[in-house]
Amino acid sequence: MKKIPQIEGIDYLRAIMSVFVVTWHMDAGGRSLIFSKDEYMNHLFVFSDFMNFHVLLLAVPTFILISNYIFSLKEHNLEYLKRRLGRLFLLFSFWMIVQRVWVSGSDGIIEMLPDSLSSLMLLIFKGGGIYYFFICLMVTLTGAYYIAKCRTSVVIAGFILSLICLFMTPALAKMLAFYPLCAYWSPSNFIPYPFAAVLLVRLSDQISRLRIKVFIAAVMLALIFSFIEWKIDIGEIFFRGGGYAIPAYARVSMLFSAIALLVIVLNPKITSPKVIKFMSVHSLALYCIHGFFLVYAKDILSIHFNSSMLWRYFFVALIIACSYLISLALRYYIKEEIIR
């Protein structure tokens, strides 16, 4: 199999996006009326909306696209796919169980036991509120494996069709009053991503020649779809799945934003310094570990600091630093596959 080239620009995306995950979960992006179930109809787009829904929430879509792109760079057999899925499920189950025990002790395990098929499905797809990422990645990588076997014309057709479906999903969720269609944990949010990854790999030569033009085109499409989404995708039903009146990831603009970022960092001239390499290597650990601190940090903020934004940023930095330290320590105690 062809060796995957070293793309140091991706280190920047991994490093920055992992920080964005912590920032989002600490509510450090600010709040607008879009988070108010009583006042969201009076909402006007403000800077915190841009930070929350077009910067911080871009982390998971970008990680999904990066993973699918790297996976699609070379051909894989079915045995490799099974090993990859096995590792992702190990990450998912290990960290979800450990976090439940951390928060609720042995009762956390009992609370996890499903009492119906629907509760089992929710347990798997929600992943304890944070680790849904691994299930979404399992679904998209499986898709990328089979999509990569198709002709380019079929991949393009699938990409366009999946974009149309994603664009229509919020309207369908509102019409059917079925929020899981657009819930942040739903793998359906990321169906176009493996198609995009395979196309980015197959068109890599053309993209390298027209990198800036492709970047600008992706940004323009992201802006156009963002404008449309803020006009037509607002609805009370989305509070059930996320606590705000707009879908988190069921937005085409997120995909084109992630494509723009990936295209620009694929420049082979980009090199990453040691600090970025360190953050990139520990980005998975930061994603997995930071959730252990969230409840305690938010409680301290609300009780002692009146949720001051300045203190909130301090706790974001503190959580990141602690997660890195724990990541460094855990490599002596657990398998590398569970931490990196």
Side-chain angles (χ1 to χ4, degrees), residues 6-29 51-52 55-67 70 87-103 127-134 136-137 258 261-262 265 270-302 304-305 307-340:
Q6 183 68 27
I7 308 169
E8 294 194 28
I10 288 179
D11 290 337
Y12 282 91
L13 288 186
R14 288 190 177 127
I16 294 169
M17 294 301 155
S18 60
V19 171
F20 283 178
V21 170
V22 182
T23 307
W24 164 260
H25 285 151
M26 278 298 296
D27 303 327
M51 287 301 301
N52 281 316
V55 177
L56 301 182
L57 273 182
L58 193 55
V60 169
T62 302
F63 277 129
I64 295 283
L65 185 61
I66 288 173
S67 297
I70 293 175
R87 189 209 170 196
L88 289 171
F89 188 77
L90 175 64
L91 285 164
F92 165 78
S93 55
F94 175 84
W95 288 108
M96 183 176 66
I97 292 171
V98 171
Q99 188 199 37
R100 286 293 184 95
V101 173
W102 172 268
V103 173
I130 295 178
Y131 304 112
Y132 67 91
F133 168 78
F134 296 117
C136 292
L137 196 52
L261 290 175
L262 181 56
V265 303
I270 295 176
T271 57
S272 54
K274 289 183 178 180
V275 63
I276 295 297
K277 287 184 180 295
F278 174 88
M279 294 173 68
S280 176
V281 167
H282 295 276
S283 59
L284 176 61
L286 178 56
Y287 181 92
C288 294
I289 294 171
H290 82 278
F292 292 79
F293 301 106
L294 290 177
V295 175
Y296 306 104
K298 289 182 178 181
D299 285 346
I300 294 171
L301 279 168
S302 62
H304 299 288
F305 301 103
S307 294
S308 164
M309 289 303 294
L310 185 60
W311 278 105
R312 196 171 291 276
Y313 297 140
F314 169 77
F315 272 90
V316 167
L318 183 61
I319 288 173
I320 291 171
C322 290
S323 297
Y324 286 153
L325 289 173
I326 292 173
S327 174
L328 289 170
L330 284 180
R331 63 181 178 172
Y332 296 106
Y333 299 98
I334 63 177
K335 288 185 175 182
E336 186 172 329
E337 289 81 0
I338 296 177
I339 199 67
R340 291 187 184 177

Heavy-atom pair with the smallest gap, counting every atom of Q99 and Y131: OE1-CE1, 3.7 Å
Minimum heavy-atom distance M51-G29, with the two atoms named: CB-O, 4.2 Å
Aromatic plane relationship, W311 with F315 - under 30° parallel, 30 to 60° tilted, over 60° perpendicular: tilted
Rounded distance [0.5 Å steps], CD1 in I16 versus CZ in F20: 6.0 Å
Verdict with supporting geometry, L262 and T62, side-chain contact (heavy atoms from CB on, under 4.5 Å): CA-CA 8 Å; L262 181 56; T62 302; over 6 Å; no
Heavy-atom pair of closest approach, residues C322 and F293: CB-CZ, 3.9 Å
Whether K277 side chain and E8 backbone form a donor-acceptor pair below 3.5 Å: no
Ring geometry between F63 and Y287 (parallel below 30°, tilted from 30 to 60°, perpendicular above 60°): perpendicular
For F133 against I64, the heavy-atom pair lying closest together: CE1-CD1, 3.8 Å
4.5 Å side-chain heavy-atom contact, L261 and L65: no
Donor-acceptor contact present, side-chain Y324 to main-chain I319, <3.5 Å: no
Min side-chain heavy-atom separation H25-V21 under 4.5 Å: yes
From L137 atom CG to L91 atom CG, the distance as rounded to the nearest 0.5 Å: 9.5 Å
Sub-4.5 Å side-chain heavy-atom contact between M17 and I66: no
W95 side chain vs C288 backbone, donor-acceptor pair below 3.5 Å: no
Inter-residue atom distance R312.CZ - T23.OG1, 0.5 Å rounding: 11.5 Å
Residue pair Y132 / V60, side-chain heavy-atom distance below 4.5 Å: yes
Sidechain-backbone polar pair: S280 side chain, I276 backbone, donor-acceptor under 3.5 Å: no
Contact summary for D27 and M309, nearest pair of heavy atoms: O-CE, 4.2 Å
Within 6.0 angstrom of Y296 OH, more than 12 heavy atoms from elsewhere: yes
Any F278 side-chain heavy atom under 4.5 Å of S272 side chain: no
CA sep, side-chain torsions, deciding dist, call: H290, I320, side-chain contact (heavy atoms from CB on, under 4.5 Å): CA-CA 7 Å; H290 82 278; I320 291 171; over 6 Å; no
Donor-acceptor contact below 3.5 Å, side chain R14 vs main chain D11: no
